[in-house]
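In what follows, a structure is listed as structure tokens, so that the remarks can point back to it.
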2 protein chains.
Amino acid sequence: MTGLASSIERRNGVSLWRQIADRILQAIANGDFAQNAALPPEIVLAERYGVNRHTVRSAIAALVQEGVLKAEQGRGTFVLSRKRLSYPIGARTRFSTGLQGQTSERHIALLSSSTEPASRRIAEALGIAKGAAVIRLETRGEADGHAVSRATTWFDAKRFAGIEAAMAETGSITASLKRFGIIDYLRHSTVLSARHADADDLAALDLQPGAIVLVTIAVNVTLDGEPIQFAESRFPAERVELRLSAGD
Amino acid sequence: MTGLASSIERRNGVSLWRQIADRILQAIANGDFAQNAALPPEIVLAERYGVNRHTVRSAIAALVQEGVLKAEQGRGTFVLSRKRLSYPIGARTRFSTGLQGQTSERHIALLSSSTEPASRRIAEALGIAKGAAVIRLETRGEADGHAVSRATTWFDAKRFAGIEAAMAETGSITASLKRFGIIDYLRHSTVLSARHADADDLAALDLQPGAIVLVTIAVNVTLDGEPIQFAESRFPAERVELRLSAGD
DNA sequence: AGAATTTGTCTATTGATATAGGCAACTATA
DNA sequence: TATAGTTGCCTATATCAATAGACAAATTCT
């Protein structure tokens, strides 16, 4: 559908080598190359994109630096990384169970936590008063040692006092909520957008500048419909796709 | 959450002015500026981002060219464009009804149509034999005269012969399917990703190079679960967000 | 009227980006 | 062992991107 051959734009603020690197990443993520497959030779890529061979080399150098490609003098350039993870989103969105079968290990690392007054937006989502205390967790989702998500989550501080300790200990939202008597919960709403990664995303998700992140803003509720959690999650678009499950 | 103040990265293949333009667009889409509100003065933005005033001017010039901002000598620079459209996605995703209340007019324009053999991916999705004839429609969704989506859609050619004429006439998928006896249908699956817009997206969606598009790949089915439509849609991330409806 | 603020324009300089060509180094294969 | 194919590295040149400073032009406020 969107192969290697799409064209390249000049004078738009994005350098040619970055655009070409993006296309190659995309092709890999689409599954156009098998693992360890050889990329076409530099001279062929240069002709395909209508640029100089050196420009292609800049793109490849960036991806080698990133650990996506490996270049071997005399032999060729080879693909190291694999297809995108497919992250399911639905009424029962859970980090760990969602990636089952695609990765052997996954958990959520707590980067930091703090208590702050609720902004209007968060207060509305959680059904509490504006300015009431909320606990804010900064987390990173990891699967097989790779960062796959970066999230900021808010809980009502009164109801979920100490949840940051539970998160640090269990590495799981679901397990942490159990300690507060919540054995099941549902995804109430999700809003989805995309943007360029900012400095924080770059560091936390181990991305190269210029990368794109998918952003979800979600509210989780109890079975009774009571809001318990408000979260903004960022996913690296080059490594993750979101799959919207139908019924579930 | 992601305000104007996030930092800027150097030497990454994306020019500073483009990064700043992206952040301003994002802030507008987030609703940080009211319609016709004044942007902070160039000198203030320059200090905030840690760049020269001329660099900020390049970013503003790009957005003025794009029609997002209007600069007036001696007065300031003003926001023209409005908040993002929120496009709902769920079991009953429909183009027209989904945007009701947000726009006064919307329709789907048929750009071109063709008949081609089904690729493996499309054949699997539609439950037909690989190589069987399928009708391919290239369409653009428009709301109040602005392009909000660009889609490629496939139908089984045997069952839906002539659907391109129905689309051209009605400007609606739902209305066209009615002519083939389908009075209701459901969204079976949706896969979501994001990437930089390619040349075709740029032209069809009236975007500037470097823009980001949200990509959905979806299968629609009858109430009996029979697949009828396979579609890849692209949405300009700066103008559209996707809202995942809970129950529906 | 005058001062302050803000956008518009000009010149100049530096570093990054992209093109061009040539040749060395390494690998695989005929 | 040649030979073709591929990556690695060098020099050189032109254009774009970013910084710097100065001043003009338009608007707003005192």
Side-chain angles (χ1 to χ4, degrees), chain A residues 4 7-24 33 36-80 196 199 208-210, chain B residues 4 7-24 33 36-80 196 199 208-210:
Chain A
L4 260 177
S7 67
I8 296 293
E9 302 288 320
R10 286 162 195 267
R11 313 176 188 206
N12 49 4
V14 183
S15 61
L16 298 183
W17 65 261
R18 165 72 20 216
Q19 292 183 62
I20 291 170
D22 281 350
R23 299 248 189 263
I24 293 173
F33 296 103
N36 295 319
L39 223 60
E42 295 168 351
I43 191 81
V44 172
L45 290 175
E47 193 170 351
R48 186 177 300 181
Y49 292 120
V51 301
N52 191 276
R53 181 183 151 225
H54 294 294
T55 308
V56 169
R57 282 181 63 74
S58 297
I60 289 175
L63 296 179
V64 167
Q65 177 72 18
E66 233 173 290
V68 173
L69 299 178
K70 190 172 71 153
E72 292 183 28
Q73 184 170 168
R75 295 213 328 130
T77 304
F78 302 89
V79 175
L80 294 178
H196 282 119
Q208 292 302 107
Chain B
L4 261 178
S7 67
I8 296 293
E9 302 289 319
R10 285 162 196 266
R11 321 185 178 190
N12 51 4
V14 183
S15 60
L16 297 183
W17 64 263
R18 167 68 19 211
Q19 292 182 64
I20 291 170
D22 282 349
R23 298 248 190 268
I24 294 174
F33 296 102
N36 294 321
L39 223 58
E42 295 169 351
I43 192 79
V44 173
L45 290 175
E47 192 170 349
R48 185 177 300 178
Y49 292 120
V51 301
N52 191 274
R53 181 183 153 226
H54 294 293
T55 307
V56 169
R57 282 182 60 74
S58 297
I60 289 175
L63 296 179
V64 167
Q65 176 72 20
E66 239 174 286
V68 173
L69 299 178
K70 188 172 72 154
E72 292 182 29
Q73 185 169 166
R75 295 202 344 122
T77 303
F78 301 89
V79 175
L80 293 178
H196 283 119
Q208 291 302 105

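Labels below follow one simple rule: chain letters A, B, ... track the order of the sequence lines, proteins then strands, and each chain is numbered from 1.
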Under 4.0 angstrom, heavy atoms only, what part of the nucleic acid is B/Thr77 near: base, sugar-phosphate, or nothing?
sugar-phosphate
The side chain of A/Thr55 lies closest to which of these nucleotides: C/dG8, C/dT19, D/dG8?
C/dT19
Length of the line joining B/Ile20:CD1 and D/dA17:C1', which is rounded to integer Å
12 Å
How many whole angstroms separate atom CG of A/Leu16 from atom C1' of C/dT19?
11 Å
With A/Leu63, the side-chain contact (heavy atoms from CB on, under 4.5 Å) member among A/Leu80, A/Ile20, A/Ile24:
A/Ile24
Heavy-atom closest pair (B/Asn36 atom, B/Phe78 atom, distance to 0.1 Å) is O-CD2, 3.6 Å
Can you check the A/Glu47 CD to C/dA18 P distance for me, whole Å?
19 Å
Check A/Trp17 against A/Ser58 and note the closest heavy-atom contact, atom names and distance.
CB-CB, 3.5 Å
Separation of C/dT7 atom C1' from B/Lys70 atom NZ, nearest Å, is 14 Å
Which of these nucleotides, D/dG8, C/dT7, C/dT17, is closest to any side-chain atom of A/Ser15?
C/dT17
Using whole Å, report how far CZ of B/Arg57 lies from P of C/dG8.
5 Å
Here the pair of heavy atoms bringing B/Ala59 nearest to B/Ala21 is CB-N, 3.7 Å
Is the side chain of A/Gln19 donor-acceptor paired with the backbone N or O of A/Val14 at a distance under 3.5 Å, no angle test?
yes
Approximate separation, where rounding is to 0.5 Å, of A/Thr55 OG1 and A/Ile60 CD1:
11.0 Å
Length of the line joining A/Leu69:CG and D/dT6:C1', which is rounded to integer Å
15 Å
Find the distance A/Phe78:CZ to C/dT27:P and express it as a whole number of Å.
11 Å
Closest heavy-atom pair and its distance - B/Glu42, B/Arg53:
OE1-NE, 2.7 Å
Spacing between A/Ile43 atom CD1 and D/dG8 atom P, to the nearest angstrom:
14 Å
Readout for nucleotides 20-30 of chain D: B = base within 4.0 Å of protein heavy atom, S = sugar-phosphate only, - = neither; 5' to 3' it is BB---BBBS--
